[in-house]
Number of protein chains: 2
Amino acid sequence: MVETTRRQAIEDAASSLFHEHGYSGTSVRDIARALDIQGASLYAHVTSKEEVLWSIVERTATRFEAAADAATVGIDDGDAAGRLDVLVRAHVGVVIEDVERASVFVYEWRSLASSKRSSISRRRDAYEARFRSVIEQGVASSTFDAVDPIAATAFILTALNGLVAWYRPNGRLQPADVADAYAGLALGAVGGAATARHEGTPR
Amino acid sequence: MVETTRRQAIEDAASSLFHEHGYSGTSVRDIARALDIQGASLYAHVTSKEEVLWSIVERTATRFEAAADAATVGIDDGDAAGRLDVLVRAHVGVVIEDVERASVFVYEWRSLASSKRSSISRRRDAYEARFRSVIEQGVASSTFDAVDPIAATAFILTALNGLVAWYRPNGRLQPADVADAYAGLALGAVGGAATARHEGTPR
DNA sequence: CCTACCGATCGGTAGG
DNA sequence: CCTACCGATCGGTAGG
């Protein structure tokens with residue numbers, strides 16, 4: 001990976017280690033060792049270990065939000081299947097673009113101290129609500145089966161996030177294959193697959 | 001919770017703390033404090049922190065395996081939808097019966113040292129293969145849609161495991177509601193819901 | 001189950 | 001970015 005700044009290299013190394021061993025399972029000296037510098041030297045670039053976590057989590061939260069914004073622009077409010085399709089593809093795209101940072105965002109945000117933690121918690125809730133309202137609307141319009149929207153949202157979002165545990169950039173499935181597969185599975189879960197599959201999946 | 005032995009109380013406290021803060025984020029003294037004893041006193045009952053993790057993880061692995069065994073007994077090999085339905089319900093049942101231990105099993109086994117870690121890794125692979133072969137068979141018999149069995153298995157199992165992040169014992173949904181909802185969503189994901197829903201979901 | 005203690009490592013600072 | 005160092009905490013042991 002080509003690094004533009006030292007700071008970016010630090011966050012790359014930290015993302016990789018936090019992904020593999022967790023935030024508490026990674027020491028400042030582990031991060032430094034990955035960059036071939038002394039532990040104390042890290043503090044020339046960062047103010048604390050938690051600040052590094054915060055930076056990764058905050059930026060990744062923004063990427064998920066921006067991708068969902070971009071994906072749903074111009075899609076008819078009444079088209080629940082189409083909206084869920086693009087939301088799923090957007091989410092999968094952000095995960096696959098940087099599995100390590102996505103993994104840290106998804107699983108390590110709880111290690112943040114209370115104020116930052118609750119800030120992320122609220123943004124996660126709002127993000128989840130986008131999926132839920134699409135599902136509620138699909139159920140209301142009978143586009144989807146009569147699923148429980150809260151359970152269905154949790155089911156789908158945790159399935160999408162689970163990608164970070166098994167997706168490998170140079171594995172059998174190309175990013176587009178994963179996006180297609182996951183969009184089909186998610187739509188199928190709520191009973192909206194038949195419609196979406198017959199219509200294709202326009203973006 | 002009624003404790004039969006001190007050892008059990010230790011594993012209860014550890015499961016709760018490992019679930020909330022992770023294995024590395026929990027100290028031996030944290031566990032001791034939850035039991036109102038000194039940190040060093042824990043070693044009268046356990047040989048190491050990792051042994052406590054191992055005990056929780058190993059027992060929970062066995063519970064998942066036993067539940068899958070029991071659920072599939074007497075179900076026709078050719079009935080992919082029926083088999084997937086009971087596998088999903090069995091998995092959800094084990095998670096809901098003890099969310100904290102299930103969470104530790106699912107997310108903290110990576111903290112085990114190499115030999116125990118690879119033992120659990122193999123058992124997880126074998127367990128996952130049960131789901132995958134049912135899905136492969138359902139696809140082959142056109143009971144299910146032509147999903148990618150590896151992706152579909154990962155999608156479904158990570159969704160089921162994601163339960164530990166949001167299920168609350170005294171929440172809105174009763175265990176049976178969650179099992180029904182998740183069985184429907186999982187069957188739907190692979191396109192087998194119509195069949196299962198019309199047939200009902202016998203156990 | 002306690003007190004007293006061990007060496008190692010933790011996140012972080014001082015001063016260059 | 002380094003060396004030298006800080007107090008706190010880590011998992012664990014000795015001996016009762």
Side-chain angles (χ1 to χ4, degrees), chain A residues 1-58 104 107-117, chain B residues 1-58 104 107-117:
Chain A
M1 201 174 299
V2 182
E3 312 295 355
T4 338
T5 65
R6 200 64 172 145
R7 170 70 193 217
Q8 213 170 97
I10 290 170
E11 291 187 16
D12 280 346
S15 297
S16 175
L17 289 163
F18 292 168
H19 168 52
E20 198 170 356
H21 305 292
Y23 177 75
S24 340
T26 302
S27 73
V28 164
R29 283 157 182 80
D30 290 335
I31 300 169
R33 193 177 308 118
L35 301 162
D36 274 311
I37 60 175
Q38 295 300 311
S41 304
L42 261 186
Y43 290 87
H45 304 97
V46 307
T47 65
S48 72
K49 182 187 171 189
E50 199 200 341
E51 184 234 332
V52 177
L53 174 62
W54 169 248
S55 178
I56 296 166
V57 167
E58 205 281 330
V104 173
Y107 296 117
E108 303 300 327
W109 68 279
R110 284 165 203 276
S111 292
L112 290 166
S114 63
S115 87
K116 290 178 176 175
R117 189 185 148 129
Chain B
M1 204 175 298
V2 182
E3 313 292 357
T4 337
T5 65
R6 201 62 173 147
R7 170 72 195 214
Q8 214 170 97
I10 291 170
E11 291 187 17
D12 281 347
S15 297
S16 176
L17 290 163
F18 293 168
H19 168 50
E20 198 170 355
H21 305 292
Y23 177 75
S24 340
T26 302
S27 73
V28 165
R29 283 157 181 82
D30 290 334
I31 301 170
R33 192 177 308 119
L35 301 161
D36 273 310
I37 60 175
Q38 295 299 311
S41 303
L42 261 187
Y43 289 87
H45 303 97
V46 307
T47 65
S48 71
K49 182 187 172 190
E50 199 200 343
E51 184 232 332
V52 177
L53 174 62
W54 169 247
S55 178
I56 296 166
V57 167
E58 205 281 329
V104 173
Y107 297 116
E108 302 302 326
W109 67 279
R110 284 164 203 276
S111 293
L112 290 166
S114 64
S115 86
K116 289 177 175 173
R117 189 185 147 128

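Throughout, a chain's letter reflects where its sequence line sits, starting with A, and its residues are numbered from 1. Quick caveat, the model's predicted, so the values are computed rather than measured.
- Per the geometry, CZ belonging to B/R33 stands 14 Å off C1' belonging to D/dG11, to the nearest Å.
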I'd like a table of atom pairs between the protein and nucleotides 3-6 of chain C - only N or O on both sides, under 3.5 Å - with the distance next to each one.
none

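- Contact record, A/V104 with A/S15: CG2-O, 3.6 Å, taken as the closest heavy-atom pair.
- B/Y43 places its OH atom 17 Å from the C1' atom of D/dG15, with the value rounded to the nearest Å.
- Every residue meeting the side-chain contact (heavy atoms from CB on, under 4.5 Å) condition with B/A13, not counting sequence neighbours, appears here in chain and number order: B/I31, B/A34, B/L35.
- The shortest non-hydrogen separation linking A/V28 to A/G39 is CG1-O, 3.8 Å.
- Using a 4.0 Å heavy-atom cutoff across all strands shown, B/S24 reaches no nucleic acid atom at all.
- Here the P atom of nucleotide D/dG11 and the CD atom of B/E51 are 15 Å apart, to the nearest Å.
- One interatomic measurement links the two molecules: CD1 of B/I37 to C1' of D/dG11, which rounds to 15 Å at whole-angstrom precision.
- Residue B/S27 places no side-chain N or O under 4.0 Å from the OP1 or OP2 atom of D/dT9.
- Scored by the side chain to side chain donor-acceptor pair (under 3.5 Å) test, A/E58 finds A/R123 as partners (sequence neighbours excluded).
- Base pairing in DNA chain C gives the following stems of 3 or more Watson-Crick or G-U pairs, range against range and under 3.5 Å: C:1-16 with D:1-16.
- One interatomic measurement links the two molecules: CG of B/L35 to P of C/dC1, which rounds to 8 Å at whole-angstrom precision.
- At distances below 3.5 Å, not a single donor-acceptor pair connects side-chain atoms of A/S16 with backbone N or O atoms of A/D12.
- Judged by closest nucleotide on DNA chain D, A/D36 is the one of B/V28 and A/D36 placed further toward the 5' end.
- In this structure, A/R7 places its CZ atom 16 Å from C1' of D/dC1, rounding to the nearest Å.
- Closest to the side chain of A/S48, out of C/dC2, C/dG12, D/dG12, is C/dG12.
- In this structure, A/H45 and B/Y23 both approach DNA chain D, and ranking their closest nucleotides by distance from the 5' end singles out A/H45.
- As a whole-Å value, the separation of B/I31 CD1 from C/dC1 P is 14 Å.
- The shortest side-chain heavy-atom distance between B/V57 and B/E108 does not fall under the 4.5 Å cut-off.
- Rounded to a whole Å, the CG atom of B/D30 is 6 Å from the P atom of D/dC10.
- Each salt bridge (Lys or Arg N to Asp or Glu O under 4.0 Å) pair with one or both residues in residues 31-41 of chain A, not counting sequence neighbours, appears once here: A/D30-A/R33.
- With contacts defined as side-chain heavy-atom distances shorter than 4.5 Å, the pair B/E11/B/S55 qualifies.
- The side chain of B/K49 sits closest to D/dG11 out of C/dG11, D/dC2, D/dG11.
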Side-chain donor/acceptor pairs under 3.5 Å, residues 42-49 of chain B, sequence neighbours excluded:
{"unit_1": "B/T47", "atom_1": "OG1", "unit_2": "B/E51", "atom_2": "OE1", "d": "3.2"}
{"unit_1": "B/S48", "atom_1": "OG", "unit_2": "B/E50", "atom_2": "N", "d": "3.4"}
{"unit_1": "B/S48", "atom_1": "OG", "unit_2": "B/E51", "atom_2": "N", "d": "3.0"}
{"unit_1": "B/K49", "atom_1": "NZ", "unit_2": "B/Y23", "atom_2": "O", "d": "2.9"}
{"unit_1": "B/K49", "atom_1": "NZ", "unit_2": "B/T26", "atom_2": "O", "d": "2.7"}

